[in-house]
Amino acid sequence: MKETDPTNQLKRIKKVSAPPFLFTRIEAKIEAREKNRLPISWAFGGSLALGILLCLNIFLIINSSEPNHQNNQINSVADALELNTSNQLYYE
Amino acid sequence: MPPSNQSFRLLYEQYSDLVFNLCLNYLQNEADAEEVTQDVFLKVYQNIDHFRDDSSLKTWIYRIGINKCLDFLKAKKRRKRFGILLPLFSGPTSETLKAGSDFRHPGIQLEDQEALQQLFKHINDLPEKQKSALILKAIDGLSQKEIAGILKTTEKAVESLLSRARKNLQKKIDQSEGKN
């Protein structure tokens with residue numbers, strides 16, 4: 001006779017025990033992960049170094065956008081001596 | 001903080017058979033089930049701090065097991081999709097892929113092997129939630145309340161999932177018998 005509920009067949013599946021070696025493998029995996037994990041002090045040191053580098057870059061970018069004082073002083077001296085500061089050699 | 005070796009061993013002894021059988025029923029391959037069981041306990045070890053008392057430990061472990069099985073099946077599908085290209089780059093891996101996809105369930109007796117392999121073929125074609133509900137109910141014998149807790153849904157929704165799963169399964173069986 002045909003079974004009405006197709007899932008009835010699934011009741012014939014027996015429970016099995018997990019293989020005995022599985023726990024040792026899990027322990028080995030855990031150990032391997034722990035070994036590969038970066039120490040907190042290293043991670044902290046790395047991020048601190050990156051932070052300093054970033055701050056230094058920002059500082060340099062901000063400073064380079066300010067007008068150059070040394071060039072201004074040279075220009076004022078050239079003006080006082082009535083020197084030509086342009087690259088044009090011939091006047092029309 | 002991860003659990004101590006002693007407490008983790010106790011936890012493993014209590015739930016290893018449950019997880020291994022769940023993986024077996026989900027993946028229908030002994031080697032795959034062993035691999036996923038390891039991943040489940042690794043996840044349990046790493047995330048035991050995140051376990052909250054609003055669900056039981058058994059429910060939480062079941063949930064991790066189902067998610068790991070689904071992830072494994074998705075990864076397997078992805079590998080199969082690129083299976084044609086695999087031998088070009090790495091020869092031996094394609095063989096291990098084939099070996100892992102055989103139907104090998106130690107809980108099924110030899111005389112039921114063929115019929116249940118056919119049935120599992122149809123179960124594997126069901127939507128994820130229907131498949132999960134069906135396995136948890138028909139094989140693990142869980143109550144609708146327990147299944148609702150694992151699948152994070154209501155008992156009514158589980159009832160509807162199971163009813164649709166049975167209907168779809170019957171339809172697939174009828175179709176395959178009609179073809180033969």
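Naming convention: chains lettered A, B, ... in sequence-line order (proteins, then strands); numbering from 1 in each chain.
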So if you build clusters from Ile, Leu, Val, Met, Phe, Trp, Tyr with side-chain heavy-atom gaps below 4.5 Å, do B:Leu10 and A:Phe23 land together?
-> no

Looking only at heavy atoms, what is the nearest atom pair of A:Pro6 and B:Ile173, with distance?
-> CB-CD1, 3.4 Å

Is a donor on one side and an acceptor on the other found under 3.5 Å between the side chain of B:Asp112 and the backbone of A:Arg12?
-> no

Beyond-backbone contact of A:Pro19 with B:Phe20, side-chain heavy atoms, under 4.5 angstrom | yes

So B:Ile123 and A:Leu10, side chain to side chain contact (heavy atoms under 4.5 Å, CB included) or not? Walk me through it.
-> CA-CA 11 Å; B:Ile123 292 173; A:Leu10 296 170; 3.8 Å; yes

Given a strict heavy-atom distance threshold of 4.5 Å, which part of B:His105 is in contact with chain A: side chain, backbone, both, or neither?
-> side chain

Run the side chain to side chain contact (heavy atoms under 4.5 Å, CB included) check on A:Ile26 and B:Tyr45 step by step: do they pass?
-> CA-CA 10 Å; A:Ile26 294 164; B:Tyr45 181 83; over 6 Å; no

Side-chain donor or acceptor of B:Asp17 paired with backbone N/O of A:Ala18 under 3.5 Å | yes

Indicate, with yes or no, if B:Val40 and B:Phe51 share a hydrophobic cluster defined by side-chain heavy-atom contacts under 4.5 Å among Ile, Leu, Val, Met, Phe, Trp and Tyr.
-> yes

Over 12 foreign heavy atoms within 6.0 Å of NZ, B:Lys43 | no

Shortest non-hydrogen contact from A:Asp5 to B:Arg166?
-> OD2-NE, 3.2 Å

Could you check if a side-chain atom of A:Val16 sits within less than 4.5 angstrom of a side-chain atom of B:Glu30, using non-hydrogen atoms only?
-> no

Given that the side chain runs from C-beta out, which part of B:Glu13 has a heavy atom under 4.5 Å from chain A: side chain, backbone, both or neither?
-> neither

Quick check: are there more than 12 heavy atoms from other residues, nucleotides or ligands sitting under 6.0 Å from CD of B:Glu111?
-> yes

Show your reasoning for whether side chain to side chain contact (heavy atoms under 4.5 Å, CB included) applies to B:Phe41 and A:Leu22.
-> CA-CA 10 Å; B:Phe41 280 100; A:Leu22 220 53; over 6 Å; no

Picking from B:Leu42, B:Leu18, B:Leu169, B:Leu134, which has the most non-hydrogen pairs under 4.5 angstrom with chain A?
-> B:Leu42

Contact origin within B:Ala115 toward chain A - heavy atom pairs under 4.5 Å = both

Would A:Lys15 and B:Asp140 pass as an ion pair if we require N to O under 4.0 Å?
-> yes

Would A:Phe21 and B:Glu34 satisfy side chain to side chain contact (heavy atoms under 4.5 Å, CB included), going step by step from the backbone distance to the final call?
-> CA-CA 10 Å; A:Phe21 55 83; B:Glu34 280 170 14; 3.8 Å; yes

Tell me, side chain or backbone of B:Ile139 under 4.5 Å from chain A's heavy atoms, or both, or neither?
-> both

Flag the one option from A:Glu27, A:Lys11, A:Arg25 with the top tally of heavy-atom pairs under 4.5 Å to chain B.
-> A:Arg25

Just how far is it from atom CD1 of A:Ile30 to atom CD of B:Gln46, taken to the nearest 0.5 Å?
-> 7.5 Å

Considering only heavy atoms, which portion of B:Ile135 lies under 4.5 Å from any heavy atom of chain A: side chain, backbone, both, or neither?
-> neither

By residue number, those in residues 46-55 of chain A with heavy atoms under 4.5 Å from heavy atoms of chain B are none

